[in-house]
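Fair warning: this is a prediction, and the values are worked out from it, not measured in the lab.
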Amino acid sequence: QVQLVESGGGLVQAGGSLRLSCAASGRTFSSYTMGWFRQAPGKEREFVAAISTSGDSTYYADSVKGRFTISRDNAKITVYLQMVSLKPEDTAVYYCSAGSGRIYYQASASYEHWGQGTQVTVSS
């Protein structure tokens, strides 16, 4: 069982930066593919980024590619999402997720464990 707790959200002006963290519990963290998803008001939850168990492979939604960077520290059992050049359309609740086995990294159904989310608001 993995429990996930996100932090680092907040209010930032367009063009600014934020770094989200997701602290995990459990000794099997390194065996999970980790993902970040987001959900804006009135919209469905959408894939943002994912990282393989070793950290060697990363995947991004086209909308954030080149602006967001996902990373993980298996020793600290934490995954990060560095966000730069933020836009108002990045405003959403951001969720950390963990999945094991065969992962379709863009599919939320692939992930068994979810955090409670952290709000990111980008003002214009």
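Taking the centre and axis of the six-membered ring of Phe29, the NZ or CZ atom of Arg72 falls inside the cone set by 45° and 6.0 Å.
For Glu89, the CD atom is densely surrounded, since the number of other residues' heavy atoms within 6.0 Å is greater than 12. Annotation: Lys65, atom NZ; neighbour count of heavy atoms from other residues, nucleotides and ligands within 6.0 Å is above 12.
Scanning all heavy atoms of the two residues, the minimum distance from Ala14 to Ser124 falls at CB-CA, 4.4 Å. Minimum interatomic distance between Arg67 and Leu86 (heavy atoms only, all atoms of both residues): NH1-CA, 3.9 Å. Taking all atoms of both residues into account, the shortest heavy-atom contact from Ser25 to Ile77 is CA-CD1, 4.3 Å.
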### Query
What's the verdict on side-chain contact (heavy atoms from CB on, under 4.5 Å) for Gln82 and Leu18, showing C-alpha distance, side-chain angles and the deciding distance?
CA-CA 6 Å; Gln82 178 68 51; Leu18 282 174; over 6 Å; no
#### Entry: Full working for side-chain contact (heavy atoms from CB on, under 4.5 Å) between Thr33 and Thr53
CA-CA 5 Å; Thr33 295; Thr53 54; 4.3 Å; yes
#### Entry: From CA spacing to verdict: ring-ring contact (aromatic ring centres under 6.0 Å, His included), Trp36, Phe68
CA-CA 11 Å; Trp36 285 97; Phe68 291 11; 9.9 Å; no
### Task
Applying side-chain contact (heavy atoms from CB on, under 4.5 Å), run through Phe37 and Glu44 and close with a yes or a no.
CA-CA 10 Å; Phe37 286 74; Glu44 293 187 353; over 6 Å; no
### Task
Let me see the working for Leu20 and Val120 under side-chain contact (heavy atoms from CB on, under 4.5 Å), right down to the final yes or no.
CA-CA 9 Å; Leu20 305 184; Val120 172; 4.0 Å; yes
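The main-chain N or O of Val84 is never found under 3.5 Å from a side-chain atom of Ser17 such that the two would form a donor-acceptor pair. Under a 3.5 Å cut-off, the side chain of Thr121 and the backbone N or O of Thr91 do not form any donor-acceptor pair. Checking side-chain atoms of Asn74 against main-chain N and O of Ser31 turns up no donor-acceptor pair under 3.5 Å. In this structure a side-chain-to-backbone donor-acceptor pair under 3.5 Å is present from Asp73 to Lys76. Side-chain atoms of Ser110 come within 3.5 Å of backbone N or O of Tyr104 as a donor-acceptor pair. Under the 3.5 Å distance criterion, the side-chain polar atoms of Tyr59 are left unmatched by any main-chain donor or acceptor of Ser52. Looking at Gln116, its side chain never comes within 3.5 Å of a backbone N or O of Glu6 through a donor-acceptor pair. The backbone N or O of Gly9 sits less than 3.5 Å from a side-chain atom of Thr118, completing a donor-acceptor pair. A donor-acceptor distance shorter than 3.5 angstrom exists from the side chain of Tyr111 to the backbone of Tyr105, with no hydrogens or angles considered.
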Please list every donor-acceptor pair under 3.5 Å in which a side-chain atom of residues 92-99 meets a protein atom from a residue at least two apart or in another chain.
unit_1: Tyr94; atom_1: OH; unit_2: Arg38; atom_2: NH1; d: 2.9
unit_1: Tyr94; atom_1: OH; unit_2: Asp90; atom_2: O; d: 2.6
unit_1: Ser97; atom_1: OG; unit_2: Gly35; atom_2: O; d: 3.2

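Legend: disulfide bond (SG atoms under 2.5 Å apart) pairs involving residues 31-89, not counting sequence neighbours: none detected. Counting only residues at least two apart or in different chains, disulfide bond (SG atoms under 2.5 Å apart) contacts with residues 44-89 are absent.
Taken together through direct or relayed side-chain contacts under 4.5 Å among Ile, Leu, Val, Met, Phe, Trp and Tyr, Val122 and Met83 form part of one hydrophobic cluster. Note on Val48: it clusters hydrophobically with Ile70, by side-chain heavy-atom contacts below 4.5 Å among ILVMFWY residues. Cluster annotation: Ile103 and Tyr32 are assigned to distinct hydrophobic clusters (Ile/Leu/Val/Met/Phe/Trp/Tyr, side-chain heavy-atom contacts under 4.5 Å, transitive). Connection of Val79 to Val64 is established within a shared hydrophobic cluster, with ILVMFWY side chains joined at heavy-atom distances below 4.5 Å, either directly or through further cluster members.
Listed by chain and number, the residues in a side-chain hydrogen bond (donor to acceptor under 3.5 Å, both in side chains) with Ser71 amount to none (sequence neighbours excluded). Among residues two or more places apart in sequence or in another chain, the side-chain hydrogen bond (donor to acceptor under 3.5 Å, both in side chains) test is passed with Ser54 by Asp56. Taking the side-chain hydrogen bond (donor to acceptor under 3.5 Å, both in side chains) definition, one finds that Ser30 meets it with nothing, sequence neighbours left out.
Using a 4.5 Å cut-off on side-chain heavy atoms (C-beta onward), Val2 and Thr28 make contact.
In this structure, Ser108 OG and Gln39 CD are separated by 9.5 Å, a value rounded to the nearest 0.5 Å. In this structure, CZ on Arg19 lies 9.5 Å from OG on Ser7, to the nearest 0.5 angstrom.
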